[in-house]
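One is the number of the first residue; the rest follow in order along the sequence. As a basis for the values below, the full set of heavy atoms in this structure was taken, side chains included, without hydrogen atoms, waters or symmetry mates.
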Amino acid sequence: NEIMRRDLMFYGLSSSFSLIFTTPVQGVEEELKMDLMVDDINAYSYSYPTQLPSRKILFKWVESRKPERYSSAAPLSPDARLRIVSERVDFFDNLVISVAIGLPNSVLRSKEKSGWSAKDVADSVLADKSALRVSATQQRDESSVLDTHSSTIEGNPYWNYEYLVRKSPTNLTESNLYRHFIASTAERDGYLYSLSASTLSKQWEKIGPFLAKTAESFRLLPPTESYVPPYRDPWRFW
C-alpha cells in the first residue's frame with residue numbers, strides 16, 4: 001500500500017496505472033497485469049485484472065458507474081441504506097466489480113467494532129443487497145456465505161467473505177445458476193465500505209483467483225480535499 005501511494009504521487013495522482021502480479025496457475029508462474037482504480041470522492045482504491053498474456057486472456061472492462069458521492073448513488077435496498085458508488089463490468093466474461101457504502105445493521109451497532117466478526121459483517125451487507133424486502137430466512141435462501149475471515153492492515157480491520165447468490169430465482173430452467181462473489185468490507189465514519197467482485201459460478205475456477213486479488217487489494221485511503229463523507233448533504237443528488 002505504501003508503494004502504491006508513493007507511485008500515485010510520482011505519477012501526479014493519476015487515476016490508474018498498470019501493476020503486475022505473479023499468479024501461480026497449474027504450477028506455473030504467470031504475470032497478471034492489473035490497473036489501479038482510485039476514487040478520491042469516497043477515498044478508497046483497488047486493483048483489477050486487465051490481462052494475463054501467457055493464457056491470452058484480455059479483460060474488457062467498462063466503467064458502468066463512475067465514482068460518485070453517496071447521496072447521489074444508486075440504492076440497492078428499499079430503504080436506500082446501501083448504495084453503489086462505483087462499478088465496472090466485463091460483459092464478455094460476465095464479471096462485475098462494484099463498491100457500495102451503507103450503514104451497519106443493528107447487530108453490528110450493538111457491539112464494539114473490535115468485536116465484529118466477518119460473518120456478522122457479511123450478513124449486514126448481504127441483507128441490504130436484496131432488491132426486495134425479505135425475511136432473514138428468505139435472505140439465506142437467496143444467498144449462501146461460503147467462507148469468512150478478517151485481517152488488520154495499517155491498523156484498520158478488513159472483513160473478507162465469499163458467497164453465492166442465485167442469479168435469477170425466476171429462471172426455472174437454470175435453477176442451479178449462481179453468481180460467485182468475493183468481497184472485502186471496511187468501516188469509516190460509521191459506514192461500511194464494501195468491494196465485491198463476481199462472476200458466474202461455472203467460471204469461478206478459471207476467473208476466481210483473479211477476482212480474489214481485487215478483493216485483497218481493496219483499501220481505504222487517507223481523505224483528500226475531494227473526499228465527501230457519506231453523511232454530508234444527504235439531500236444532495238448531484
Side-chain angles (χ1 to χ4, degrees), residues 1-9 11 13-23 31-52 57 59-70 73-74 76 82-90 93 95-102 118 121-122 125 129 149-163 179-189 191-199 204 207-224 226-228 230:
N1 194 37
E2 292 299 324
I3 293 175
M4 289 182 181
R5 291 180 184 175
R6 187 169 64 251
D7 286 346
L8 281 173
M9 295 179 63
Y11 285 95
L13 295 177
S14 170
S15 62
S16 67
F17 59 88
S18 295
L19 302 171
I20 296 179
F21 291 84
T22 301
T23 304
E31 288 186 343
L32 174 65
K33 294 185 177 180
M34 304 184 76
D35 277 357
L36 179 66
M37 187 277 188
V38 177
D39 178 356
D40 291 323
I41 297 175
N42 300 292
Y44 66 81
S45 70
Y46 66 84
S47 299
Y48 59 95
T50 57
Q51 188 178 6
L52 190 63
I57 296 178
F59 296 94
K60 303 172 180 62
W61 295 106
V62 175
E63 193 174 42
S64 56
R65 296 181 189 273
K66 294 184 177 181
E68 59 182 324
R69 56 192 299 149
Y70 176 79
L76 275 171
L82 187 67
R83 305 183 184 187
I84 300 175
V85 295
S86 74
E87 186 173 75
R88 64 182 64 244
V89 299
D90 180 335
D93 292 306
L95 311 177
V96 180
I97 299 174
S98 63
V99 177
I101 299 175
V121 171
V125 175
K129 287 191 70 172
H149 66 278
S150 60
S151 60
T152 300
I153 302 172
E154 295 187 344
N156 297 317
Y158 288 81
W159 299 277
N160 307 288
Y161 43 101
E162 188 176 337
Y163 61 98
R179 287 200 71 84
H180 198 140
F181 288 76
I182 190 161
S184 179
T185 297
E187 184 275 341
R188 179 170 56 201
D189 295 331
Y191 285 79
L192 299 180
Y193 288 67
S194 303
L195 176 143
S196 64
S198 69
T199 187
W204 185 255
I207 304 295
F210 309 143
L211 299 184
K213 287 188 175 294
T214 292
E216 292 168 3
S217 71
F218 181 59
R219 298 289 185 274
L220 296 185
L221 300 178
T224 64
S226 300
Y227 172 61
V228 181

**OP:** Report the distance from atom CG of L195 to atom OG of S86, rounding to the nearest 0.5 Å.
**Re:** 8.0 Å

Original post:
Got R179 and V96 here, is their nearest side-chain heavy-atom distance under 4.5 Å?
Top reply: yes

**OP:** Report the distance from atom OG of S47 to atom CZ of F210, rounding to the nearest 0.5 Å.
**Re:** 14.5 Å

Subject >> Rounded distance [0.5 Å steps], CG in D35 versus CZ in F59 >> reply: 12.0 Å

Original post:
Can you check whether M34 reaches T214 side chain to side chain, under 4.5 Å on heavy atoms?
Top reply: yes

Original post:
Given side chains that start at C-beta, do those of F181 and L211 come closer than 4.5 Å, heavy atoms only?
Top reply: no

Subject >> From CG (L82) to OH (Y70), nearest 0.5 Å >> reply: 7.5 Å

Original post:
Considering only heavy atoms from C-beta outward, does the side chain of Y158 approach that of R219 to under 4.5 Å?
Top reply: yes

Subject >> Side chain to side chain, V99 and N42, heavy atoms closer than 4.5 Å >> reply: no

**OP:** Tell me, please, which residues at least two apart from F218 pass ring-ring contact (aromatic ring centres under 6.0 Å, His included).
**Re:** Y44

**OP:** For the pair N156 and L220, evaluate side chain to side chain contact (heavy atoms under 4.5 Å, CB included) and give the outcome as yes or no after the intermediate values.
**Re:** CA-CA 9 Å; N156 297 317; L220 296 185; 5.5 Å; no

Original post:
Considering all heavy atoms of both residues, which atom of S150 and which atom of N160 are nearest to each other, and what is their separation?
Top reply: CA-ND2, 4.2 Å

Original post:
Going from CG on L32 to CG on L52, what distance comes out if it is rounded to the nearest 0.5 angstrom?
Top reply: 5.5 Å

Subject >> With Y191 via side-chain hydrogen bond (donor to acceptor under 3.5 Å, both in side chains) - residues at least two apart >> reply: none

**OP:** Check whether the side chains of Y161 and T185 place a donor and an acceptor atom closer than 3.5 Å, and report yes or no.
**Re:** yes

**OP:** Go through the structure and list residues passing side chain to side chain contact (heavy atoms under 4.5 Å, CB included) with T224, not counting sequence neighbours.
**Re:** D40, S226

Subject >> Expected output: side-chain T50 to main-chain K33 donor-acceptor under 3.5 Å >> reply: yes

**OP:** Using a 4.5 Å cut-off on heavy atoms from C-beta on, say whether the side chain of M37 contacts that of P67.
**Re:** yes

Subject >> Counterpart residues, salt bridge (Lys or Arg N to Asp or Glu O under 4.0 Å), relative to E68 (two or more places apart) >> reply: none

**OP:** Report the relative orientation of the aromatic rings in W61 and Y48; use parallel for angles under 30°, tilted for 30 to 60°, perpendicular for over 60°.
**Re:** perpendicular

Original post:
Okay, side chain of R88, backbone of I97: is any donor-acceptor separation there less than 3.5 Å?
Top reply: no

Original post:
How many angstroms lie between atom CD1 of I207 and atom CD1 of I182, to the nearest 0.5 angstrom?
Top reply: 13.5 Å

**OP:** With sequence neighbours excluded, tell me which residues meet side chain to side chain contact (heavy atoms under 4.5 Å, CB included) with K66.
**Re:** E63

Original post:
Looking at residues at least two apart in the chain, or sitting in another chain, which of them share a side-chain hydrogen bond (donor to acceptor under 3.5 Å, both in side chains) with E187?
Top reply: K113

**OP:** Can you see which heavy atom on A215 is nearest to which on S184, and at what distance?
**Re:** O-CB, 3.5 Å

**OP:** State, with a plain yes or no, whether a side-chain heavy atom of K60 is found less than 4.5 Å away from one of D90.
**Re:** yes

